**Q** 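This is the structure I want to talk about, given as structure tokens.
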2 protein chains.
Amino acid sequence: MVTIADVAKHAGVATSTVSYVLSGKRSISPETRQRVHASVDALGYRPNASARALASSRSNVLALVIPLRAGMHVPVMMQFATAVVTTARRYDHDVLLLTADEGATGLERVQQSSLVDAVVVMDIELYDERVPLLRALDLPSILIGFPLDAEGLTCIDLDFVRAAELCVDHLADLGHQRIALLGTPSAVYERQTGFAHRTREGFRAGVDRRSVHGVETPCESSHEAVLKTVEQLLRDEPELTGLVVQNEPIIGPLLDVLRSLGRRVPEDMSVLAICADDVAEGQRPRLSSVSIPAEQIGQQAVELLIGKLDGLAPPAGTLVPAVLTARASSGPAPQLDRSTTA
Amino acid sequence: MVTIADVAKHAGVATSTVSYVLSGKRSISPETRQRVHASVDALGYRPNASARALASSRSNVLALVIPLRAGMHVPVMMQFATAVVTTARRYDHDVLLLTADEGATGLERVQQSSLVDAVVVMDIELYDERVPLLRALDLPSILIGFPLDAEGLTCIDLDFVRAAELCVDHLADLGHQRIALLGTPSAVYERQTGFAHRTREGFRAGVDRRSVHGVETPCESSHEAVLKTVEQLLRDEPELTGLVVQNEPIIGPLLDVLRSLGRRVPEDMSVLAICADDVAEGQRPRLSSVSIPAEQIGQQAVELLIGKLDGLAPPAGTLVPAVLTARASSGPAPQLDRSTTA
DNA sequence: AGCGGTTATCGAAGCGCTTCGATCAATGCT
DNA sequence: AGCATTGATCGAAGCGCTTCGATAACCGCT
């Protein structure tokens with residue numbers, strides 16, 4: 001193993017000089033700098049991460065707490081994770097994977113052992129047990145999602161309230177009078193997951209504002225559940241003409257079910273989804289949707305976090321604006337003269 | 001921050017004694033041990049990871065190289081990842097996330113900087129560029145998947161050859177004469193991904209052995225592609241009665257497509273999948289399948305790796321036996337008197 | 001010529017831990 | 001009783017790096 005001392009000897013300088021060349025924390029003459037760089041290359045020197053971390057109290061590692069819980073949609077999580085890792089690398093950091101089942105304990109552990117410099121936490125609940133801990137822990141953090149009380153924390157997320165409102169507005173603009181929010185599995189609501197609650201909130205606000213009739217129902221992620229839920233929905237609301245879906249895995253099954261129940265999309269039923277763009281475009285018909293810009297959020301999260309580590313004061317909350325893209329699944333409300341039996 | 005010296009002082013012993021109590025590498029009298037443990041608890045001591053790593057040349061971190069490439073099915077990856085993290089934690093290790101796009105470079109980097117003790121590599125190609133590197137690098141590793149030349153490497157994977165053979169046998173036993181393998185997206189074959197090739201190999205071997213007629217086709221993961229591929233398949237092979245699918249995301253669409261083409265499952269067409277059990281059971285009809293025990297494989301991978309770190313000689317290759325579960329999607333071959341036009 | 005102020009470099013201390021002798025007491029053996 | 005052996009503990013060295021003065025050389029001033 002080649003150490004900084006080897007490089008120093010090879011370049012004919014002190015180890016501290018090599019260190020300063022590499023960190024740029026003191027000015028070094030161009031000649032020495034070049035000589036050192038040459039030696040680094042010649043010897044293939046790589047700083048030892050532990051030694052560096054020990055001496056500088058900076059590990060250059062971020063922790064990513066990834067949820068593995070019921071009802072969470074995996075591909076989206078992976079998009080977040082990928083964006084986080086990729087961006088972290090761009091800032092010369094690595095990413096340690098923590099599973100949410102280690103919960104608060106895990107956060108405490110990695111901080112107390114100085115394993116990581118900062119932490120990205122996903123899947124935030126309104127009353128998240130990790131929130132008070134993060135406040136107490138003096139470990140720089142960013143939450144992807146908003147707890148109810150975000151005081152003193154840095155959070156970022158899609159503006160789900162607005163996302164739902166956009167959907168309601170879009171449907172109302174098209175003349176729909178009776179619409180429904182087909183939501184996440186009920187476990188997600190019971191856990192008080194922020195994004196699901198905020199979407200519901202936005203849906204209610206939009207429905208009120210536009211004076212349309214709105215109903216909400218959770219939906220489990222199986223084909224049968226979708227069938228049952230939709231049947232129930234149509235039984236309760238025979239004149240339903242618009243659907244807002246926030247539940248990626250059921251999107252395919254939902255379209256099947258509507259087809260099998262004889263409801264054409266968008267002629268009989270307009271469908272809007274809150275989901276990743278590629279999912280929306282992969283459906284027949286292509287779905288009008290508010291996209292979840294996971295990559296952008298993940299990237300921005302890391303950038304905020306790195307900024308924090310560099311002493312910058314980040315904004316307390318960042319809401320990524322929701323954007324609705326109209327595609328083929330939404331259209332004008334049909335005339336209300338059909339007799340429907342589910 | 002409380003250090004080992006604080007603990008030592010509090011317990012009235014030398015720091016080395018504290019260290020030995022914690023590591024168990026030398027015998028310590030029961031009284032001292034208890035006293036030290038009491039002090040550790042009283043002060044809330046946690047060893048500093050960097051210091052420990054520096055002094056012992058062991059970081060207690062494993063790297064996990066996760067693929068983010070075209071055609072890979074994300075939920076399965078996540079199951080592997082979760083199992084790896086969970087198991088690693090059980091052996092007091094953490095997991096650093098590396099994305100495959102850093103490729104060989106990333107492996108070199110984490111090793112040369114002593115960031116990790118060992119590495120788990122997923123998504124292995126037959127001629128994987130990382131394989132020669134791993135052989136050279138003197139970084140303990142385990143591959144989830146087999147390259148063509150696994151000499152000197154430790155690998156583990158489901159026995160995909162056998163998996164495909166089981167499927168062929170099952171169909172042949174039911175009297176099917178003309179069957180097809182509906183495979184992964186072609187990018188996965190082109191990349192020479194091990195599991196896809198081995199499945200194909202097993203399919204061919206099975207077909208030969210049982211003297212049935214078999215065709216193979218890759219399939220992209222979109223609804224349209226499934227439709228086109230299946231139509232083409234039925235045009236080429238009108239008397240096809242059995243399908244083996246190795247492509248999780250298209251399973252839903254495939255069943256749709258068959259339905260829309262008027263092929264009942266299993267009356268007209270038997271469908272076998274190589275996929276996670278929960279996916280197979282989430283379909284209508286429930287799919288007969290060979291399951292991919294991601295959790296088991298991930299766990300075993302880490303255990304082999306930890307064993308290696310402890311100096312145990314691991315088996316060169318571990319093939320997890322394939323198991324076929326017959327459910328509702330496979331049945332006896334229909335009589336061959338129908339006239340089909342696709 | 002002499003002075004303060006840069007600029008470039010060095011040397012040494014120290015980050016918190018592990019680990020290698022060394023020490024000392026207690027033990028068992030002849 | 002005397003010696004080697006074992007068990008429990010200590011002290012110090014050192015892992016590879018960063019960082020903090022200190023130093024020396026040089027600049028432009030007066």
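Chain identifiers are assigned alphabetically (A, B, ...) following the order of the sequence lines, protein sequences preceding nucleic acid strands; residue numbering begins at 1 within each chain. Not measured: the values here are computed from a predicted model.
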**Q** On DNA chain D, nearest-nucleotide positions of A/Asn48 versus B/Thr17: which is more 5'?
**A**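 On the 5' side of the pair lies B/Thr17.
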**Q** Indicate whether OP1 or OP2 belonging to C/dC15 is found under 4.0 Å from a side-chain N or O atom of A/Ser57.
**A**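 Answer no for this pair, as no side-chain N or O of A/Ser57 is under 4.0 Å from OP1 or OP2.
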**Q** Any Lys/Arg nitrogen of B/Asp149 or B/Arg135 sitting under 4.0 Å from an Asp/Glu carboxylate oxygen of the other?
**A**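 Judged by the 4.0 Å cut-off on N to carboxylate O distance, B/Asp149 and B/Arg135 do form a salt bridge.
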**Q** Regarding D/dC17, can its base be found pairing with the side chain of A/Tyr20 as donor and acceptor, where the two atoms are less than 3.5 Å apart?
**A**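 Absent.
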**Q** When all nucleic acid strands are considered with a 4.0 Å heavy-atom cut-off, which category describes A/Leu54: base, sugar-phosphate, or nothing?
**A**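 A/Leu54: base contact, heavy atoms under 4.0 Å.
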**Q** Relative to the 5' end of DNA chain D, which residue comes earlier, A/Val18 or A/Arg26, by the nucleotide with the nearest heavy atom?
**A**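 This one resolves to A/Val18.
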**Q** May I ask you to verify if any side-chain N or O of A/Lys25 is less than 4.0 angstrom from the OP1 or OP2 atom of D/dT18?
**A**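 Result: no.
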**Q** Using the side-chain heavy atoms of B/Ser16, tell me which of these nucleotides is nearest: D/dT18, D/dG11, D/dT9.
**A**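 For the B/Ser16 side chain, the nearest candidate turns out to be D/dG11.
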**Q** More than 12 foreign heavy atoms under 6.0 Å from CG of B/Asp310: is that the case here?
**A**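 Yes, the 6.0 Å shell around CG holds more than 12 heavy atoms from other groups.
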**Q** Please determine whether a side-chain nitrogen of the Lys or Arg among B/Glu102 and B/Arg109 lies less than 4.0 Å from a carboxylate oxygen of the Asp or Glu.
**A**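 B/Arg109 and B/Glu102: salt-bridged.
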**Q** Using a 4.0 Å heavy-atom cut-off across all strands, classify B/Ser56 as base, sugar-phosphate, or nothing.
**A**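 If one applies the 4.0 Å heavy-atom cut-off, B/Ser56 turns out to touch the sugar-phosphate alone, with no base involved.
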**Q** Given the rule in the side-chain contact (heavy atoms from CB on, under 4.5 Å) test, do A/Lys308 and A/Thr154 qualify, once you have shown the distances and angles that lead to the verdict?
**A** CA-CA 10 Å; A/Lys308 250 182 157 172; A/Thr154 312; 2.7 Å; yes
**Q** Taking A/Asp123 first and then A/Arg191, would you say they form a salt bridge - that is, a charged N and a carboxylate O separated by under 4.0 Å?
**A**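 The answer is yes: the pair qualifies as a salt bridge.
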**Q** Is there a donor on the side chain of B/Ser27 or the base of D/dG7 sitting less than 3.5 Å from an acceptor on the other?
**A**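 Not at all, since no donor on one side and acceptor on the other fall under 3.5 Å apart.
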**Q** Using only side-chain N and O atoms of A/Thr15, determine if any of them is under 4.0 Å from OP1 or OP2 of D/dG16.
**A**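 No, outside the criterion.
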**Q** What's B/Ser114 touching, base or sugar-phosphate or nothing? Going by heavy atoms closer than 4.0 Å.
**A**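 The answer is nothing, as B/Ser114 stays clear of every strand by at least 4.0 Å.
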**Q** Starting at the 5' end of DNA chain C, which residue's closest nucleotide do you reach first, B/Met1 or A/Ala14?
**A**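 So the residue in question is A/Ala14.
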**Q** Under 4.0 Å, heavy atoms only, any strand: does A/Ser29 hit a base, just the sugar-phosphate, or nothing?
**A**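 The answer is sugar-phosphate, as A/Ser29 gets under 4.0 Å only of primed atoms, P, OP1 or OP2.
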**Q** Hey, does A/Thr3 reach any base, or is it just sugar-phosphate, or nothing, if we go heavy atoms under 4.0 Å?
**A**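 Sugar-phosphate, backbone atoms only, no base.
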**Q** So does A/Tyr45 get a side-chain nitrogen or oxygen closer than 4.0 Å to the phosphate oxygens (OP1/OP2) of D/dC17?
**A**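 So the side-chain polar atoms of A/Tyr45 do come within 4.0 Å of the phosphate oxygens OP1 or OP2 of D/dC17, strictly under.
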